[in-house]
There are 2 protein chains.
Amino acid sequence: MTRDGDEECCDMRGMLGFLILFLLSKKPMHGQEIADELGKRRGERPSPGTIYPALKSLKDAGFLSEEEKIGKTIIYNLTPRGMKAFNVAKRRFTKTFLGVLS
Amino acid sequence: MTRDGDEECCDMRGMLGFLILFLLSKKPMHGQEIADELGKRRGERPSPGTIYPALKSLKDAGFLSEEEKIGKTIIYNLTPRGMKAFNVAKRRFTKTFLGVLS
DNA sequence: TTATATATATCGGATATCCTATATAGATAA
DNA sequence: TTATCTATATAGGATATCCGATATATATAA
């Protein structure tokens, strides 16, 4: 149910990996923590079926390491390689969206 | 050919419509002009098969109007509705990526 | 006129992205 | 022990997104 001023546009898919790298560049977090933070930011919380495959994919790429494991809870951290990848992506992001944030 | 520090990550798909609305919120432009600007920003210029369907989709949604037509060149403009949609999306963008820039 | 360059248009499909549904395992409470 | 909650895991599939190939029309140059 969308009112007249609330036209939907631009669902901003494709940014999930970037956002995960960004969040982990601030501090190590576990999956649910990341999902919570994304929920606050985007207004929509990614489901387990979204967040865990994304984490696995980033881990397989060598961007994340499992820093600590408490029971079932896995705390992820950026690897040096992940940090580099994020910095490259951030530069691109900055250039691409220059001027959007007034 | 990617060197070690240039690990690819996060291709930022899904932002094309948003970027088009952003560019047109600055000034009316035609398709190739938009493609040029995106090429400069992202480092990759969208092909005709990418940009024109995107423009059509935004036009069909009522976000764009054809301001002027010179020969084959169509200059697009945001409609009031497109402006509203962009502002909503921008608010979401800002909240989502808070802290990423610097 | 003919050739070339530019701008737009669209189909069909490859791929990426994400979600639903489901499952498993550890922690904790009853 | 049993039940419940939380965190993680993954298959399968729906959808979105984009690109290559191709076509058309206009303007311009030779």
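Below, read A as the first sequence line, B as the second, and so on, with proteins coming before strands; counting in each chain starts at 1.
- Following rounding to the nearest Å, B:Lys56 (NZ) and D:dC18 (P) show an atom-to-atom distance of 17 Å.
- Distance from the side chain of B:Gln32 is smallest for C:dA7 among the nucleotides C:dA7, D:dC19, D:dT10.
- Going from atom CE of B:Met29 over to atom P of C:dT8 covers 11 Å, rounded to whole Å.
- Listed candidates were D:dT8, C:dA7, C:dC18. Nearest to the side chain of B:Thr73 is C:dA7.
- One atom, CD of B:Glu44, and another, C1' of D:dT17, lie 13 Å apart when rounded to the nearest Å.
- Residue B:Gly31 comes nearest to B:Ile51 through the heavy atom pair O-CG1, 4.1 Å, listed as atom of the first residue, atom of the second, then distance.
- Among the nucleotides C:dA9, D:dT8, C:dT17, the one closest to any side-chain atom of B:Ile74 is C:dA9.
- A:Lys56 and A:Asp60 are joined by a salt bridge, as a carboxylate oxygen and a charged side-chain nitrogen come within less than 4.0 angstrom of each other.
- Whole-Å rounding puts the A:Leu19 CG to C:dC18 C1' distance at 14 Å.
- Looking at A:His30, A:Glu67, A:Lys59, A:Glu68 one by one, the single match for side chain to side chain contact (heavy atoms under 4.5 Å, CB included) with A:Tyr76 turns out to be A:Lys59.
- Residue contacts shown for B:Leu16 are limited to sugar-phosphate atoms, with no base heavy atom under 4.0 Å away.
- Taking for each of A:Pro48 and A:Lys72 the nucleotide of DNA chain C with the nearest heavy atom, the 5'-most of the two is the partner of A:Pro48.
- Take the nearest nucleotide of DNA chain D for A:Asp11 and for A:His30: the residue whose nucleotide is more 5' is A:His30.
- Residue A:Gly49 is in base contact, counting any heavy-atom pair closer than 4.0 Å across all strands shown.
- When rounded to the nearest whole Å, the span between CG of B:Leu64 and P of C:dT8 equals 13 Å.
- Ring to ring, A:Phe97 and B:Phe97 are not that close: their centroids are 6.0 angstrom or more apart.
- At a threshold of 4.5 Å between side-chain heavy atoms, the hydrophobic network of Ile, Leu, Val, Met, Phe, Trp and Tyr places A:Leu38 and B:Leu98 in two separate groups.
- Toward the 5' end of DNA chain C, the nearer of the two residues A:Ser47 and B:Tyr76, judged by each one's closest nucleotide, is B:Tyr76.
- When distances run from any side-chain atom of B:Pro53 to the nucleotides C:dT17, D:dC18, C:dT10, the shortest one goes to C:dT10.
- Looking at the side chain of B:Arg13, the nearest of the listed nucleotides D:dC18, D:dA7, C:dT8 is D:dC18.
- Heavy atoms of B:Gly14 sit under 4.0 angstrom from primed sugar atoms or phosphate atoms, though from no base atom.
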